[in-house]
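The structure under discussion appears below in the form of structure tokens.
Within every chain, numbering begins at 1; the chains are lettered A, B, ... in the order of the sequence lines, protein sequences first and strands thereafter.
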Amino acid sequence: MIRYIASRLLSLTLSLIAASIVIFAVIEIIPGDPASFMLGVGVRPDTLEALRDQMGLNDPLAMRYFSWVTGMLTGDFGISWTYKIPVSELVDDRIWVSLPLAIYALFLSTIIAFPAGIIAASHRGGMGDVSIMGATQFGVAIPNFWFAMILVLIFAIKLPWFSAGGFPGWDDPLLALKSLTLPAIALALPQAAILARVMRSSLLDNLGEDYIRTARAKGLTHRQALWRHGVRNAMIPVLTIIGLQFSFLLAGGIIIEQIFFLPGLGRLIFQAISARDLIVVESVVMLLVFVVILVNFAVDLAYAAVDPRLRSCE
Amino acid sequence: MVIGATLTLVFLSLAALSFIYTPYNIQSFDIPNKLQRPNANNWLGTDHFGRDIMSMVMLGARTSIAVAVLAVGIGICAGIPLGLLAAARRGSLLDELIMRGNDLVFAFPSLVIAILITAIFSPSAINAIIAIGIFNVPVFARLSRGAALPIWERDFILAARVAGKSSLHISIEHILPNITNLMIVQGTIQFSLGILAEAALSYVGLGAQPPTASWGRMLADAQTLTSIAPHTALIPGMAIVFMVLGLNLLGDGLRDWLDPRTKVARS
């Protein structure tokens, strides 16, 4: 087990290093000088040069990469060129919108998908199965931003149950959750459709196994065999998908945040890209990649905990 | 599969027809006729500039399909050779490098990077194609490697090696034909994901630029109009849903049809 964790940790570190190099390189090849972008047209060359020095743009490439990475390791993400405040402060404000949104959506997706997948699998070929699978085909095909627009049209404009956008902050947690509800549903539904399909097919694979027959033979009802043995064993592929979905939800939130005017990381990235505030862009993208890689790492470990065979594979 | 093929065919025909005929010219505005509901003259109504939505949906289909097909093309052209190479040199440093590179691309939140790429190199349909295409490469590389590995163990490959054929030769002549079906099925799925990705990018203004019609762009324009003219948002959205639904059903159908094992199971 320790060897397995060590090898996963090594691969986690290598992924992070590679990701940081790629992000840094991409930002480097962006045309346009951020310093001249900040100062606008008609600026004196010595002013421009002074600002370039201050921003560290005149340092060698390798040095800038290392100062960026070491800064991030100590929690120093640099100073935003447009907001003039530390990037970590900008992120700190917004992550409390994006992260709860992703978690809320993941929660909704799971509580919709689990029963749907289990009902479909246990009534294979029946009406329940056919209608659930039909619904998931639609769920997979619906773009979440369009679904968001429809939700706003129905539940914010026609029926004034929710607000069409904005975020009141966490002072009133219930109100905050309410304002995240429509965005979370919009994000969750397509993912729930995928998860329900995986749950169904994984459960069907397991229900055909000998140990289910044995469980039935020793006197368990169909329901008991399904819950005690089928569902638990079907969890392995489902866990992978849940892990992958978290990163989809975090990234997918970028567009949903635009629709609902939520002040999250997504809006921050869009604003930073249009303002050429590259330090914000690279730090936020790196942060998102870091979270995704970390979640995948956690999924790998959860795998090993659920399925001992995997530990010896590596 | 019939439903899927029909839906796909309808959209492909609409896109093809748009090259020679659209009911109206979408370049000309007709403001007095704006936001009309679907009627006899404008089957699907008009948008905020009085443009015919039917014509825009047809032209949008062309943009979506072109972007998705080319993006899948990038994935196939780069991914399959990489996957075959990794399988031919399995266990080598090269294999390891290719697979770790794949993992790396998978680790990136694709949407964020697509937004970054299109934002950096100015938004356009071409950059949307590249941004979506990059994420198709590891999908095809991993799948083709996985499918090629068991084939390398088969007797006919051993025979080909004994006959003195090189790995390259074997990969192209014997491995590739054996994994084609799988790639076609995956291609259909990636195609539908490409349609969704294109719609998302053009929705945030980073895909095809006006005056090129695109479904995502139409939705973005309709966003502030949903309460007074819901059809402007409903119709392009339905177009996306049915196109993607058609492709997914087609992909599922093709998988069952092309896979001999499910054929045996059915008969």
Side-chain angles (χ1 to χ4, degrees), chain A residues 11-12 14-16 18-19 21-23 26-27 29-32 137-138 140-150 152-154 156-158 164 190 244 247-255 258-259 265-266 269-270 272-274 276 278 281-282 284-285 288-293 295-296, chain B residues 3-4 7 100-101 103-122 189 192-193 195-201 203-206 215-216 218-220 222-228 230 232-234 236-249 252:
Chain A
S11 127
L12 170 97
L14 289 178
S15 303
L16 284 176
I21 293 176
V22 172
I23 293 170
V26 168
I27 299 288
I29 52 174
I30 292 184
Q137 281 285 5
F138 269 98
V140 175
I142 293 176
N144 56 19
F145 56 91
W146 181 64
F147 187 53
M149 287 168 70
I150 304 292
V152 169
L153 180 66
I154 299 174
I157 298 173
K158 301 278 180 209
L244 284 175
S247 53
F248 271 114
L249 292 171
L250 205 57
I254 291 181
I255 291 184
Q258 293 283 330
I259 298 173
L265 291 177
I269 288 192
F270 268 108
I273 286 178
S274 55
R276 280 279 179 274
L278 303 182
V281 179
E282 63 185 358
V284 175
V285 171
L288 285 176
V289 172
F290 175 71
V291 173
V292 171
I293 293 178
V295 169
N296 288 347
Chain B
I3 305 172
L7 279 173
R100 291 291 85 79
D103 290 347
L104 186 66
V105 180
F106 269 126
F108 279 91
S110 50
L111 192 67
V112 180
I113 303 302
I115 287 171
L116 198 61
I117 292 176
T118 43
I120 290 167
F121 302 103
S122 76
I189 296 166
S192 75
L193 292 176
I195 301 267
L196 283 174
E198 191 275 336
L201 282 179
Y203 176 77
V204 289
L206 298 173
W215 292 339
M218 289 170 76
L219 283 175
Q223 197 179 352
T224 48
L225 305 167
T226 43
S227 55
I228 45 171
T232 53
L234 285 175
M238 304 278 261
I240 300 172
V241 173
F242 283 113
M243 173 94 224
V244 174
L245 185 67
L247 283 166
N248 284 343
L249 290 174
D252 284 356

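In plain terms, the two heavy atoms of Q223(B) and M149(A) that are nearest each other are CA-CE, 3.6 Å. A141(A) approaches V241(B) most closely through the heavy-atom pair CB-O, 3.5 Å. The nearest pair of heavy atoms linking L219(B) to W146(A) is CD2-CD1, 3.3 Å.
Contact of M238(B) with chain A is made through backbone and side chain together, with heavy-atom distances under 4.5 Å. When heavy atoms are compared at a cutoff of 4.5 Å, I195(B) does not approach chain A at all. Both the backbone and the side chain of F138(A) come within less than 4.5 Å of a heavy atom of chain B. Heavy-atom distances place no part of V152(A) under 4.5 Å from chain B, backbone and side chain included. Both the backbone and the side chain of I142(A) come within contact range of chain B, with heavy atoms under 4.5 Å apart.
Of the inter-residue distances, the one linking S15(A) atom OG with R100(B) atom CZ reads 8.0 Å to the nearest 0.5 angstrom.
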Taking it one step at a time, do V140(A) and V244(B) satisfy side-chain contact (heavy atoms from CB on, under 4.5 Å)?
CA-CA 8 Å; V140(A) 175; V244(B) 174; 5.6 Å; no
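Two residues are said to be in side-chain contact when any heavy atoms from C-beta on lie closer than 4.5 Å; Q137(A) and L249(B) meet this criterion.
For CD1 of I3(B), the number of neighbouring non-hydrogen atoms (other residues, nucleotides, ligands) closer than 6.0 Å is 12 at most.
Residues that satisfy the side chain to side chain contact (heavy atoms under 4.5 Å, CB included) test with L265(A), not counting sequence neighbours, are V91(A), R94(A), I95(A), S98(A), L268(A), V284(A), L288(A).
Results of the side chain to side chain contact (heavy atoms under 4.5 Å, CB included) test with V204(B) over I254(A), I255(A), I259(A) single out I255(A) as the only residue that passes.
For residues 236-248 of chain B, every residue pair satisfying the side chain to side chain donor-acceptor pair (under 3.5 Å) rule, not counting sequence neighbours, is listed here: S192(B)-N248(B).
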